[in-house]
Amino acid sequence: MGIMDGRVAIITGGGKAKSIGYGIATAYAKEGANLTLTGRNLQKLLDAKEELERLYGVQVLALQVDVTPDEESEERVNEAVKKTAETFGRIDVLINNAQASASGIPLAMQTKDHFDLGIYSGLYATFYYMRACYPYLKESQGSVINFASGAGLFGNAGQCSYAAAKEGIRGLSRVAATEWGKDNINVNVVCPLAMTSQLEAFKESYPEAYEKNIRAVPMGRFGDPEKDIGRVCVLLGSSDFKYMSGETITLEGGMGQRP
């Protein structure tokens, strides 16, 4: 018996990879949750579905959903949410993790296409999913877990669209926490720093910057996508535990702080 047995979670960006999304999906599957995983890469989603169903006996719905600056993006999100409700009969947790960006490009060199990539894949996607999931979360008295970043908190160079999207997500989350509190919907934000394939590539390309970053973490390591980030998300989504809605949680090396 897991603490998420009978519950249903939507996780964006949950395809199989060494990533935060798949780490969260694994943590939820281990606790018995049925899942909808969405993302841009269908094969990674199908690989995640196969492995999670085989290892943990849960049911996984894999749906290709890409939020871009076009007229169909919102409808793609609405269809994914509708199909989740039709398949499982409920939605208990929404985790907005997916985000693309043109990182490493200075603000003065950013094009509108660069900026749109960050804003639509992050901020608009979070807005679309939250709005579509609201009736189901109200019924289940569920939880929303949105992902922001230290890039916005600290103004990381070369990440203007990414930081703008993440700060927008934090503001959106605070409003939702205020408006949806009466419906017993928890809304929280996680700002993670985890050892993913992207961070490994950063380590290889910028070893000095990597060492500077890791020296700033008291535990001397970055968070684990499943054991640190995923487990916190299980806690925030659990019906047995209601965190203070509207808080921002910063995770570095397994440490949770409320700034």
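Only this structure's heavy atoms are used, side chains among them; waters, hydrogens and symmetry mates stay out. For reference, positions follow the sequence shown, starting with 1. If you're wondering where the values come from, they're calculated on a predicted model, not measured in any experiment.
- Within 6.0 Å of CD in Glu86 there are more than 12 heavy atoms belonging to other residues, nucleotides or ligands.
- Cluster annotation: Leu117 is not connected to Phe127 through the hydrophobic network of ILVMFWY side chains, with a link wherever side-chain heavy atoms come within less than 4.5 Å.
- Although no hydrogens or angles enter the test, the distance criterion places a donor-acceptor pair under 3.5 Å between the side chain of Asp70 and the main chain of Glu72.
- For Ala48 against Gly14, the heavy-atom pair with the smallest separation is CB-O, 3.8 Å.
- Residues Tyr136 and Thr84 bring no donor and acceptor atom of their side chains to less than 3.5 Å of each other.
- Of the inter-residue distances, the one linking Leu94 atom CG with Tyr129 atom OH reads 8.5 Å to the nearest 0.5 angstrom.
- Residues satisfying the salt bridge (Lys or Arg N to Asp or Glu O under 4.0 Å) criterion with Lys44, sequence neighbours excluded, are absent altogether.
- Summarising the geometry of Ser19 relative to Pro225, their closest heavy-atom pair is O-CB, 3.3 Å, with the distance given to 0.1 Å.
- With a 6.0 Å radius and a threshold of 12 heavy atoms from other residues, nucleotides or ligands, Lys138 has its NZ atom at or below the threshold.
- Within the structure, ring pair (Phe, Tyr, Trp, His ring centres under 6.0 Å) contacts touching residues 17-59 (residues at least two apart or in different chains) do not occur.
- Taking each heavy atom of Leu153 and Cys191 in turn, the nearest pair found is CD1-SG, 3.9 Å.
- Residue pairs meeting the salt bridge (Lys or Arg N to Asp or Glu O under 4.0 Å) criterion with at least one member in residues 184-199: none, sequence neighbours excluded.
- Under 3.5 Å, the side chains of Thr68 and Asp66 contain no donor-acceptor pair of N or O atoms.
- At most 12 heavy atoms of other shown residues, nucleotides or ligands fall within 6.0 angstrom of atom CD in Glu139.
- The main-chain N or O of Ile91 is found under 3.5 Å from a side-chain atom of Ser140 such that the two form a donor-acceptor pair.
- Closest non-hydrogen pair, Met130 versus Asn96, comes out as CG-ND2, 3.8 Å.
- More than 12 heavy atoms of other residues, nucleotides or ligands shown are found within 6.0 angstrom of NZ on Lys182.
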Side chain to side chain contact (heavy atoms under 4.5 Å, CB included) between Gln59 and Glu53: does it pass, once the steps are laid out? CA-CA 6 Å; Gln59 186 177 352; Glu53 289 184 337; 4.3 Å; yes
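- Looking only at side-chain heavy atoms (C-beta outward), Asp228 and Met219 stay at 4.5 Å or farther from each other.
- Looking only at side-chain heavy atoms (C-beta outward), Val65 and Tyr128 stay at 4.5 Å or farther from each other.
- At least one donor-acceptor pair under 3.5 Å links the side chain of Gln110 to the backbone N or O of Ala102.
- In this structure, Val187 is not a member of the same hydrophobic cluster as Val175, with clusters built from ILVMFWY side-chain heavy atoms closer than 4.5 Å.
- A salt bridge does not link Asp47 with Lys16: every distance from a Lys NZ or Arg NE/NH1/NH2 to an Asp or Glu carboxylate oxygen is 4.0 Å or more.
- Linking Ile, Leu, Val, Met, Phe, Trp and Tyr residues whenever their side-chain heavy atoms come within less than 4.5 Å leaves Phe222 and Tyr162 in two separate clusters.
- Counted by atom type alone, Arg170 and Ser173 present zero donor-acceptor pairs between their side chains at under 3.5 Å.
- From Lys166, atom NZ reaches atom OG1 of Thr126 across 6.5 Å, with rounding to the nearest 0.5 Å.
- Considering all non-hydrogen atoms of both residues, Ala33 and Leu35 come closest at O-CG, 3.8 Å.
- To the nearest 0.5 Å, the span separating CG on Asn146 from CG on Leu236 amounts to 11.0 Å.
- The backbone N or O of Asn97 sits less than 3.5 Å from a side-chain atom of Thr12, completing a donor-acceptor pair.
- Note: the hydrophobic cluster containing Leu107 does not contain Met109 (ILVMFWY, side chain heavy atoms under 4.5 Å, direct or indirect links).
- In this structure a side-chain-to-backbone donor-acceptor pair under 3.5 Å is missing from Gln99 to Ser121.
- A donor-acceptor pair is defined here as one N or O able to donate and one able to accept, closer than 3.5 Å; no such pair exists between the side chain of Ser73 and the backbone of Pro69.
- Ion pairing of Glu75 with Lys82 is absent here, as no side-chain N (NZ or NE/NH1/NH2) approaches a carboxylate O to less than 4.0 Å.
- Between Tyr124 and Tyr120, the angle of the ring planes stays under 30°, which puts this pair in the parallel group of the 30/60° scheme.
- Val67 is connected to Leu61 through a chain of hydrophobic side-chain contacts under 4.5 Å among Ile, Leu, Val, Met, Phe, Trp and Tyr, so both are in one cluster.
- A donor-acceptor pair is defined here as one N or O able to donate and one able to accept, closer than 3.5 Å; such a pair exists between the side chain of Asp92 and the backbone of Val8.
- Rounding to the nearest 0.5 Å gives a distance of 4.5 Å between CD of Glu31 and CD1 of Ile3.
- A distance of 11.0 Å separates CG in Leu137 from CG in Asn186, rounded to the nearest 0.5 Å.
- Going from atom CZ of Arg90 over to atom CZ of Arg7 covers 6.5 Å, rounded to the nearest 0.5 Å.
- Distance alone, capped at 3.5 Å, is enough to place a donor-acceptor pair between the Gln64 side chain and the Arg40 backbone.
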Any chance you could lay out the side chain to side chain contact (heavy atoms under 4.5 Å, CB included) test for Met4 and Val93, step after step, and finish with the verdict? CA-CA 10 Å; Met4 302 300 289; Val93 184; 4.1 Å; yes
